[in-house]
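What follows is a single structure, written as structure tokens, with notes after it.
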Amino acid sequence: MDPTVLQAGFDLLGDGRPETLWLGIGTIFMLLGTFYFIAKGWGVTNKEAREYYAITILVPGIASAAYLSMFFGIGLTEVEVVGRGTLDIYYARYADWLFTTPLLLLDLALLAKVDRVTIGTLIGVDALMIVTGLVGALSQTMLARYSFWLISTIAMIFVLYYLATSLRSAAKARSAEVESTFNTLTVLTLVLWTAYPILWLVGTEGAGIVGLGVETLGFMILDVSAKVGFGLILLRSRAIMGDTEAPEPSAGEPSAAD
Ligand SMILES: *C/C=C(C)/C=C/C=C(C)/C=C/C1=C(C)CCCC1(C)C
């Protein structure tokens, strides 16, 4: 590894991987998030709220497993890149993101109450973004790596544009509570998701301006914010209670929504 590039971390396992510090801290934050959301959702009976809990608990749950594997060096491979030498690629990230990013989008789509075709399109393009990002990370020439980065970034722009336009107006049509929670989460998503391709580009997968330690720290902060931070905002909002405002109508008595 190039010793001149910016580095950070601590080789916790003594196997020459200073980034294990950040992967270990990431595992702990994801586990804390998972258990906090489980505890918070324990007594929740509202049917719609339970859907949001199920999705939002899975997100840091999946990431905990991915972070723990990366901590132990599983889901790590070496790629020989022309002119760059051997790169350490943590491909377990992409497996994590392939499941967690659609789940995060599903939370937003449920808030906006959009139809199945819209949800399918959004998740399909999102999956394309992750898969092309993985292909880029595993490619052996810089031209191929940057080409796939570009395709992935175009897919990401499509997803974020869709969130900020169609889904946003659908959320607006529901209630002030939903609109406000949706907007907060969308701004968070726009800012955090945009940072991923930038970090990839300046990190070891791209130009190599920052080393693997700094890059791993960066992805850890982004992942924890985009998953646990996102969940904290969503699950404390009354927007997840759905259209039937608590208290639930008593049996047999038709509610205004029926
Ligand atoms: C919890 C994990 C999240 C929110 C991950 C989001 C990841 C991205 C938005 C990744 C995007 C990428 C590109 C747009 C280009 C190339 C590589 C990626 C996969 C880092």
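First listed ligand is number 1; within each ligand, the first listed atom is number 1.
Surrounding OH of Tyr94 are more than 12 heavy atoms belonging to other residues, nucleotides or ligands, all under 6.0 Å away. Within 6.0 Å of atom NZ in Lys172, 12 or fewer heavy atoms from other residues, nucleotides or ligands are found, so the atom counts as exposed in its surroundings.
Of all the atoms in ligand 1, the ones that sit under 4.0 Å from a non-hydrogen atom of Thr153 are 14 (C), 15 (C). Of all atoms in ligand 1, listed by their number and element, those nearer than 4.0 Å to a heavy atom of Asp223 are 1 (C), 2 (C). The contact set between ligand 1 and Ser152, taken as ligand atoms under 4.0 Å from a residue heavy atom, comprises 12 (C), 13 (C), 14 (C), 15 (C), 16 (C). Close approach to Ala226 involves these atoms of ligand 1, each under 4.0 Å from a residue heavy atom: 4 (C). Contact atoms of ligand 1 toward Trp200: 17 (C), 20 (C) (distance under 4.0 Å to a heavy atom of the residue). The distance from ligand 1 to the heavy atoms of Lys227 drops below 4.0 Å at these ligand atoms: 1 (C), 2 (C), 3 (C).
In this structure, the ring of Trp149 has its center no less than 6.0 angstrom from the ring center of Tyr146. Ring centers of Tyr162 and Phe158: under 6.0 Å apart, within the cut-off.
The closest protein non-hydrogen atom to atom 4 (C) of ligand 1 is Trp193 NE1, 3.2 Å. Here the heavy atom of the protein found nearest to atom 3 (C) of ligand 1 is Tyr196 OH, 3.4 Å.
Contact annotation for Thr101 and ligand 1: only side-chain heavy atoms (C-beta onward) come within less than 4.0 Å of the ligand.
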